[in-house]
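Data block below; observations after.
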Amino acid sequence: MSDMGLVIVGAAGRMGQTLIRTVHAMDGLRVAAAVERPGSSFLGRDAGELAGIGTINIAITDDPLAAFAKADGVLDFTSPDSSVEFAGYAAQAQIVHVIGTTGFAPEHEAKIRAAAHHATIVKSGNMSLGVNLLAVLVEKAARALEASDFDIEVLEMHHRHKVDAPSGTALLLGEAAARGREIALAEKSVRVRDGQTGPREEGTIGFATLRGGSVVGEHSVILAGSGERITLSHQAEDRGIFAHGAARSALWAHGRKPGLYSMLDVLGLN
Ligand SMILES: NC(=O)C1=CN([C@@H]2O[C@H](COP(=O)(O)OP(=O)(O)OC[C@H]3O[C@@H](n4cnc5c(N)ncnc54)[C@H](OP(=O)(O)O)[C@@H]3O)[C@@H](O)[C@H]2O)C=CC1
Ligand SMILES: O=C(O)C1=N[C@H](C(=O)O)C[C@H](O)C1
């Protein structure tokens, strides 16, 4: 069988460059095209040279429709509005769309669900094996420990360039805790605390966000009881873990029927 051809959108970004290196090195996959925005200073540059692996004869283009038409799938770590647009194109082309972008509003999520009637979409706030396994552990811990005894807080730190908060991973871990507690996260999350907050409300899930320097991604879920505390955590040391998960998702999704899947489906952890 021929290699699966993938379009990397946002090819010049931190994840885009990591994806170019990962896909180029991986058996069964090839870089079919690399896309940046119209007007980008990277247009026309060779995607391999930009990613530090030498020429791969793929010039960065601003034409996603033409790129999607000749590919089997798309790896997308861009922005919420762009990912919604790309999901529409992936639906038209009836191909695989792996979405790693974070920071979606409910309106974006609804449009992605609609696109998944025709595209095979894998979407996750964190594509690493470690974080998805952590989510399974968090769900179990939250189920085992009563809300009256243990409070749950999610703490995250990322590099100074990150534009959304809480991180997609923090929300994914919060959702896992909420599943364990059989509550709706949207009704029980406390995303900001400032000033005279009053005491902590039992059963809520709190979020705290740190930003600075070059931190790739650190997450802790703290289950705090009286006299003891459990901390489940993950440190990402290299963006390659996310790119590897995205590439693996594309291979898993290839030939599968349209729908909206998660990394838990890909990893068989669901
Ligand atoms: N799920 C996961 O495992 C992970 C998710 N992420 C998420 O991925 C996203 C990107 O992160 P990161 O790589 O650090 O960000 P960067 O800003 O470094 O990269 C994003 C790139 O996408 C480009 N882009 C945006 N919109 C378009 C468009 N319409 N067409 C073509 N190119 C576009 C940007 O161009 P421009 O600068 O011109 O806008 C930029 O080059 C974030 O949402 C982040 O949270 C990151 C790591 C792991
Ligand atoms: O923006 C990032 O860098 C990351 N974003 C994802 C998130 O929002 O959780 C995943 C990872 O932590 C890196």
Side-chain angles (χ1 to χ4, degrees), residues 7-22 33-43 45 47 50-51 60-68 74-90 97-105 108 121-132 134-135 154-176 207 209-221 233-249 262-264 266-267:
V7 181
I8 316 297
V9 290
R14 280 174 288 277
M15 277 306 298
Q17 294 185 39
T18 313
L19 289 162
I20 299 280
R21 291 193 288 275
T22 302
V35 175
E36 271 290 331
R37 284 180 201 281
S40 163
S41 58
F42 298 106
L43 296 181
R45 294 267 307 269
L50 188 64
I60 296 180
T61 165
D62 62 359
D63 188 351
L65 270 175
F68 286 23
V74 182
L75 302 185
D76 174 2
F77 291 66
T78 55
S79 71
D81 287 340
S82 301
S83 291
V84 165
E85 184 184 336
F86 294 139
Y89 299 156
H97 187 192
V98 177
I99 305 178
T101 307
T102 58
F104 291 104
H108 295 120
I121 299 182
V122 180
K123 177 172 171 294
S124 176
N126 195 303
M127 296 272 170
S128 74
L129 171 61
V131 157
N132 285 281
L134 181 68
V154 184
L155 172 65
E156 56 114 334
M157 180 159 189
H158 283 87
H159 53 93
R160 62 166 70 102
H161 304 288
K162 186 159 178 61
V163 295
D164 56 308
S167 70
T169 311
L171 293 171
L172 175 162
L173 294 169
E175 288 289 358
F207 290 85
T209 301
L210 308 179
R211 292 287 176 265
S214 58
V215 177
V216 174
E218 299 195 357
H219 294 88
S220 294
V221 178
S233 46
H234 180 268
Q235 284 85 35
E237 295 170 356
D238 188 315
R239 291 188 174 83
I241 60 171
F242 311 129
H244 188 265
R248 182 172 171 178
S249 301
S262 75
M263 270 312 275
L264 294 177
V266 175
L267 298 171

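All ligand and atom numbering here is 1-based and tracks the order in the structure.
- Only backbone heavy atoms of Ser124 (N, CA, C or O) come within less than 4.0 Å of ligand 1; its side chain stays farther off.
- Distance alone, capped at 3.5 Å, places no donor-acceptor pair between the His244 side chain and the Ile241 backbone.
- Using a 4.0 Å heavy-atom cutoff, Thr101 is listed among the residues neighbouring ligand 1.
- Going from atom CG of Leu173 over to atom CZ of Phe207 covers 8.5 Å, rounded to the nearest 0.5 Å.
- In this structure, of Ala11, Gly100, Ala236, Ser40, the residue bringing a heavy atom nearest to atom 5 (C) of ligand 1 is Gly100.
- Although no hydrogens or angles enter the test, the distance criterion places no donor-acceptor pair under 3.5 Å between the side chain of Ser220 and the main chain of Ser233.
- Between the side chain of Gln17 and the backbone N or O of Ala12, at least one donor-acceptor pair lies under 3.5 Å.
- No donor-acceptor pair under 3.5 Å is formed between the side chain of Glu156 and the backbone N or O of Ala170.
- Checked by atom type, the side-chain pair Asn126/Ser128 shows a donor-acceptor distance below 3.5 Å.
- How far CG of Asn132 is from OG of Ser124: 5.0 Å, rounded to the nearest 0.5 Å.
- Using bins of under 30°, 30° to 60° and over 60° for the plane-to-plane angle, the ring pair His159/His161 lands in the tilted bin.
- In terms of protein heavy atoms, atom 30 (N) of ligand 1 is closest to Phe86 CZ, 3.4 Å.
- Near Phe242, with a cut-off below 4.0 Å to any heavy atom, the atoms of ligand 1 are 3 (O), 47 (C), 48 (C).
- Assignment of Gly125 to the shell around ligand 1 is supported, since a heavy atom sits closer than 4.0 Å.
- Counting only heavy atoms, the protein never gets under 4.0 Å from atom 37 (O) of ligand 1.
- Note that the CD1 atom of Ile8 and the CE atom of Met15 stand 9.5 Å from one another [nearest 0.5 Å].
- Nearest protein neighbour of atom 3 (O) of ligand 1, counting heavy atoms only, is Met127 N, 2.8 Å.
- To the nearest 0.5 Å, atom CD of residue Glu218 and atom CE of residue Met157 are 7.5 Å apart.
- For atom 44 (C) of ligand 1, the nearest protein heavy atom (residue, atom name, distance) is Thr102 OG1, 3.7 Å.
- Near Asn126, the atoms of ligand 1 lying under 4.0 angstrom from a non-hydrogen atom of the residue are 1 (N), 2 (C), 3 (O).
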Output, or 'none' if empty, a list of ligand 2-protein atom pairs in which both atoms are N or O and the distance is under 3.5 Å, rounded to 0.1 Å.
| from | atom 1 | to | atom 2 | distance (Å) |
| --- | --- | --- | --- | --- |
| ligand 2 | 1 (O) | Lys162 | NZ | 2.9 |
| ligand 2 | 3 (O) | His159 | NE2 | 2.8 |
| ligand 2 | 5 (N) | Lys162 | NZ | 3.2 |
| ligand 2 | 8 (O) | Thr102 | OG1 | 3.4 |
| ligand 2 | 8 (O) | Lys162 | NZ | 2.7 |
| ligand 2 | 8 (O) | Gly168 | N | 2.8 |
| ligand 2 | 9 (O) | Gly168 | N | 3.3 |
| ligand 2 | 9 (O) | Thr169 | N | 2.8 |
| ligand 2 | 9 (O) | Thr169 | OG1 | 2.4 |
| ligand 2 | 12 (O) | His158 | NE2 | 2.6 |

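- Of the protein's non-hydrogen atoms, Arg14 NE, 2.9 Å is the one closest to atom 14 (O) of ligand 1.
- Between Ser82 and ligand 1, at least one N/O pair is under 3.5 Å apart.
- When heavy-atom distances to ligand 1 are checked against a 4.0 Å cut-off, Phe42 has no atom that comes that close, whether in backbone or side chain.
- Taking atom 9 (C) of ligand 1 as the reference point, the nearest protein heavy-atom neighbour is Thr78 O, 3.5 Å.
- Here the closest heavy-atom approach between residue Ala67 and residue Val35 is recorded as CB-CG2, 4.1 Å.
- Between Glu36 and ligand 1, an N or O atom pair is found at a separation short of 3.5 Å.
- Which parts of ligand 1 touch Gly10 is read off a 4.0 Å heavy-atom cut-off, strictly below it: atoms 21 (C), 22 (O), 23 (C), 32 (N).
- Under the 30°/60° scheme for interplanar angles, the aromatic rings of Tyr89 and Phe68 are found to stand perpendicular.
- Residue contact check: Lys162 has heavy atoms under 4.0 Å from atoms 45 (O) of ligand 1.
- The distance from ligand 1 to the heavy atoms of Met15 drops below 4.0 Å at these ligand atoms: 13 (O), 46 (C), 47 (C).
- To the nearest 0.5 Å, the span separating CZ on Arg248 from OG1 on Thr22 amounts to 14.0 Å.
- Expressed to the nearest 0.5 Å, how far NE2 of His108 lies from CD1 of Ile99 amounts to 11.0 Å.
- Regarding atom 19 (O) of ligand 1, its nearest protein heavy-atom neighbour is Gly13 CA, 3.3 Å.
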